[in-house]
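Residue numbers begin at 1 in each chain, while the letters A, B, ... track the order of the sequences. Computed from a predicted model, the values in this text were never measured in an experiment.
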There are 2 protein chains.
Amino acid sequence: MRADDRLSRVFAALADQTRREILAQLSQGSASVGEVASRFDMSAPAVSQHLKVLERAGLITRTVQAQWRTLSMRAEPLDEASAWMEEQRRTWNLHLDALDEHLGSMKKDISNPQDSKETKP
Amino acid sequence: MRADDRLSRVFAALADQTRREILAQLSQGSASVGEVASRFDMSAPAVSQHLKVLERAGLITRTVQAQWRTLSMRAEPLDEASAWMEEQRRTWNLHLDALDEHLGSMKKDISNPQDSKETKP
DNA sequence: TTTACATTTAAGCAATCACCTAATTAAGGA
DNA sequence: TCCTTAATTAGGTGATTGCTTAAATGTAAA
């Protein structure tokens, strides 16, 4: 799968309050579908669909034991998503630093100001 | 706004490849709507809508200058989203550590094994 | 003042989403 | 074997999404 698609699926999966609550529950330990569903005021099929979204994003796995499915969290997709966000923030901070330096040099040379191409937000 | 809603908006905004590319571009410095739109094979209104989604998520701001809007990235929502993900991973790792310890003590006491309530994924 | 440019609003459309109820599958226990 | 429990699939609905084209807005430049 393309990294783009993976990221899109992970972010989309996390863009829903119910699914975030499910993941938060599973981060404390594995659980059955029933144990997850009982915490929500929602039909079982609705929860089942949320689980499918989380599973397709790679955020949970199911292991079948008799008629119970044990749900477990997987952290790897979080790493990838987190890394993407961190990268953007890093780049943005680098940019801000460069901008500060530029503004600093302008201040030193205040008698001959030049246009700055960009303004600090 | 509720933190839930904020998180949902940020994650939803990031769940689209086009919007992630826009944010990646703006992380390198501010730009006008036209400068952003020119990089996509998509109508101007479509880009405008993507920008609105990013703006509502707090990920960009617009400053109006004549007929040009200067778009700038905002990192704060990324921090909140990143923190949420980090928290889940932290909890999950704590859980795994506790599990490892439990399995370790079982190994020591191999002659009298007890059921483990959960299995490692 | 007219014209051109940058961008947004309006309106419409097909696809997807988040739910629902009803029906189905699959395993365990009486 | 029949019944119960656990969970999923099927099918339907209203809301939202991501795009489109056409029209509107607001500013600058001729």
Distance in angstrom units between B:I22 CD1 and D:dC19 C1', rounded: 14 Å

Sole candidate of B:L51, B:I22, B:L23 that passes side-chain contact (heavy atoms from CB on, under 4.5 Å) when paired with B:L59: B:L23

Nucleotide C:dC5, atom C1' - distance to CZ of B:R69 in whole Å: 12 Å

Separation of atom CZ in B:R19 from atom P in D:dT17, rounded to whole Å: 9 Å

Nucleotide D:dC19, atom P - distance to CG of B:D41 in whole Å: 11 Å

Distance, rounded to the nearest Å, where A:F40 contributes CZ and C:dC20 contributes C1': 17 Å

Residues A:F40, A:H50; criterion side-chain contact (heavy atoms from CB on, under 4.5 Å); working and verdict: CA-CA 12 Å; A:F40 297 96; A:H50 282 305; over 6 Å; no

Option from B:R74, B:M73, B:Q28 for which side-chain contact (heavy atoms from CB on, under 4.5 Å) with A:W92 holds: B:M73

B:V10/B:E80 under side-chain contact (heavy atoms from CB on, under 4.5 Å): CA gap, chis, key distance, verdict: CA-CA 9 Å; B:V10 171; B:E80 190 175 4; 5.9 Å; no

D:dT8 phosphate, OP1 or OP2, under 4.0 Å from A:R62 side-chain N/O: yes

Any residue of residues 42-55 of chain A with a heavy atom less than 4.0 Å from an atom of DNA chain C: A:M42, A:S43, A:P45, A:A46, A:Q49, A:H50

Distance in angstrom units between A:R20 CZ and C:dA18 P, rounded: 12 Å

Nearest-Å distance for atom pair CG/P, residues B:D5 and D:dT16: 13 Å

Partner of B:S8 by side chain to side chain donor-acceptor pair (under 3.5 Å), out of A:R20, A:R19, A:Q17: A:R20

Residue pair A:M85 / B:L14, side-chain heavy-atom distance below 4.5 Å: yes

